[in-house]
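Everything below concerns the one structure shown next.
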There are 2 protein chains.
Amino acid sequence: MAKKNKTTIKDIANVLNISTAAVSKALHNDSRISEKTKKAVRQVAENLNYQPNHLASALRSGKSKLIGVIVPKTNSNFFSSVIHNIEEGLNTEGYNIIITQSNESYKKECANIDALLFTQVDGIIASMANETVDLAHYEKIKAAGIPLITFDRGENDLNVDYIGIDDYNSSHIIVDHLVEQGCKRIAHIGGFKRTRIYNNRIRGYIDALKKHNLPLDEELLIESNLSKEDGRLKMQDLLNLEDRPDAVYVAGDYAALGVLELLKEQNISIPDDIALVGFGNEPFTDMVSPKITSVNQHSYEIGRIAAKTFLEYKDQDQLNQTLKKNILEAELIVRASSKRK
Amino acid sequence: MAKKNKTTIKDIANVLNISTAAVSKALHNDSRISEKTKKAVRQVAENLNYQPNHLASALRSGKSKLIGVIVPKTNSNFFSSVIHNIEEGLNTEGYNIIITQSNESYKKECANIDALLFTQVDGIIASMANETVDLAHYEKIKAAGIPLITFDRGENDLNVDYIGIDDYNSSHIIVDHLVEQGCKRIAHIGGFKRTRIYNNRIRGYIDALKKHNLPLDEELLIESNLSKEDGRLKMQDLLNLEDRPDAVYVAGDYAALGVLELLKEQNISIPDDIALVGFGNEPFTDMVSPKITSVNQHSYEIGRIAAKTFLEYKDQDQLNQTLKKNILEAELIVRASSKRK
DNA sequence: TATATTTGCTTAATCGTTTAAACAAAAGTA
DNA sequence: TACTTTTGTTTAAACGATTAAGCAAATATA
């Protein structure tokens, strides 16, 4: 039934009895082609329903007009929104994006990079999996000579552009807020210390306590994988302490949700007994009861800037990337889970 | 810093003093190439860190080994999970996928199809945007001679493969369950009638009522865009009725969440005053209180089958697709919002 | 009028790979 | 021994576009 009668520039050239070179130039609006010919070419191209073969032009020009995006997961509002905004920024310039997800797996992330390089993408925008420590596979991208732009989860060592929020300062904003609500023993269920963003949040937490002359109690600083289940577990540990905290700052919304469930089950009043703050502003923070105070990570801006950053590199043939950080101020969305007054 | 010193088969050929054809065949394990040569080629390829140029081979062979996926949104658990399983099924066969999102916009969906065809994908797996009524852009895919496989939101008129759950029967299962809980006036906040899956759910709802000898009250059957906000609005309409329903079956989880919020605000007891059932089994149905009964759509199976279906077509050069439906039984996950006993 | 420049096109090479066709050498068959 | 078949390789043409270089005709300049 289906016939692959794809029209090529040769077909157009034959109809008009001109060379394929003339057709190609006419379609690219070359100044050395007469208006008359251009008009005729465009007309015939439309009549024959000509669709340029991307593979051929990409092969010849060395530009695929494809950008690879790697995210840990697409089913988070943050990443989905960043992707959407990257797309918006690149589509206008004729680029299309290939989305891949690592599912937080180091191995999958390597496979994704290989697949993207294989597809000859012109650049990669990535946020790293939690598991990722070894960066050798990212060096492959640099070796391929295409720009790499990281966001949210990046690494200083990679020496490439990075876009993210100010995690260190976010912790300050959160602790400031909790202190203002009258909290004196603020616990922190943080992410993996080795992941830069979580480490920054931890440092911010420690320094903010100091700023407010609150003692740092090592028992109140806990490392977690930030899953909902682990949030429950780590909160239970905190409840088992002789001297319970009166506030918990959790470095991820899913874990914060686990905390919320546990506290509700044990009839511990939120925020009066224990105030709760999450991170990420996932939609469900606004759906549960009480609604969870959280941090908006500006997915819109991050996507937009990532796209813009790539576009700045695109014409340079001598790629020379250095660590350029684009740090955005995070925004605390105060909701019932921490509002005592 | 970066040098694009890409190794080609020509480089390998030069090292070994053989032709590029021999190298190409050796790398493809052609039976007419001696083991000795193959071994040597593989060795040199590795030494020079040879990476095949996908564009060149795709251009020559006419196969890009890329599959396009179009979904309304990636930030839903259902679609994200389907994508993951499509990927898994195709990766093993050397295919990579390009994910695009339509954001429920007809115009974006058209742009996505154009972009995918432009990239010379070997096939497209799609779930349609809510807005989509005109199918002309899908005909483009057929005209390109590549297989099109639809899932969840498809259209009979397209005459291509379809994978989804049995929406009609799902309504039966839900109504059966609600009747069993003692509900007598069951309302249905459904999706757009013109969208096939929502239409099937409506038909199932009507027939199931009949089966249980319950009267069909037109006031209790409402069309909605199934957003959280619209769920609230439509529920308020139901509450304004003289004779209120004692159960609401909502065709989407987000709308069901809106319903839940409204009922809680008005201190209407769930499930005792009004029982609630959603659709889609989004993670938050298990996070809110009370937890929402919902329908699991088997994203795992859908993705797996979509991939398998494509692979069955891939070698046929005379593509002849017909409407082949793959209908899965849905599973009702009963939670507190509808459990009276 | 003679020369230089511009205009508008063609020719042919090229991107990196695949593959049909050709062919020599080795091995098998009668 | 003479012919056929198999083995292992090469040659060269593609895939569909882009683009440097070339060239004739038209136009501008001196």
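Proteins come first, then strands; the chains are lettered A, B, ... in the order of their sequence lines, and each starts at number 1.
Side-chain atoms of Lys142(B) never come within 3.5 Å of backbone atoms of Val160(B) as a donor-acceptor pair (strictly under, hydrogens ignored).
Helix-axis bend for the helix from dT1(C)-dA30(D) to dA30(C)-dT1(D): the local axis fitted to the five terminal pairs at one end deviates from that at the other end by 50°, rounded to 10°.
Within 4.0 Å of His28(A), counting heavy atoms only, lie sugar-phosphate atoms of the nucleic acid but no base atom. Among the protein residues, Ser61(B) comes within range of no part of the nucleic acid, since none of its heavy atoms lies under 4.0 Å from any strand. Heavy atoms of Ser57(B) sit under 4.0 angstrom from primed sugar atoms or phosphate atoms, though from no base atom. Within 4.0 Å of Thr8(A), counting heavy atoms only, lie sugar-phosphate atoms of the nucleic acid but no base atom.
Regarding Lys36(B), its NZ atom lies at a distance of 11 Å from the P atom of dG8(D), rounded to whole Å. The CD1 atom of Ile18(B) sits 21 Å away from the P atom of dC23(C) (whole-angstrom rounding). Computed from coordinates, the Lys6(B) NZ to dT17(C) P distance equals 10 Å when rounded to whole Å. In this structure, Ile9(B) places its CD1 atom 14 Å from P of dT11(D), rounding to the nearest Å. dT17(C) atom P lies 16 Å from atom CZ of Arg60(A), rounded to whole Å. Distance Arg32(B) CZ to dT19(C) P: 15 Å, rounded to the nearest Å. In this structure, Leu59(A) places its CG atom 9 Å from C1' of dC15(D), rounding to the nearest Å. Rounded to an integer number of Å, the gap from CD of Gln51(B) to C1' of dT17(C) is 15 Å.
Checking dG16(C), dT9(D), dC9(C) against every side-chain atom of Lys25(B), the shortest atom distance belongs to dT9(D). Which of dG16(C), dT19(D), dC9(C) sits closest to the side chain of Ala56(B) comes down to dG16(C).
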Can you list the steps and then say if Arg194(A) with Val133(A) is a side-chain contact (heavy atoms from CB on, under 4.5 Å)? CA-CA 8 Å; Arg194(A) 58 172 155 76; Val133(A) 187; 4.0 Å; yes
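Checking Ile70(A), Ile149(A), Val69(A), Ile67(A) one by one against Ile124(A), the side chain to side chain contact (heavy atoms under 4.5 Å, CB included) holds for a single residue, Ile70(A).
Ionic pairing of Lys108(B) and Glu131(B) is not present here: no N-O contact between side-chain nitrogen and carboxylate oxygen is shorter than 4.0 angstrom.
The 12-atom threshold is not exceeded at NZ of Lys107(B), counting heavy atoms of other residues, nucleotides or ligands nearer than 6.0 Å. Heavy atoms from other residues, nucleotides or ligands lying under 6.0 Å from NZ of Lys324(B) number more than 12.
Between Tyr106(A) and His137(A), the two ring planes are perpendicular [angle over 60°; tilted spans 30° to 60°].
Residues Phe79(A) and Ser127(A) come closest through the heavy atom pair CE2-OG, 3.6 Å.
Between the CZ atom in Phe310(A) and the CD1 atom in Ile86(A) there is a gap of 11.5 Å [rounded to 0.5 Å].
Residues from residues 39-47 of chain A that place a heavy atom under 4.0 Å from any atom of DNA chain D: there are none.
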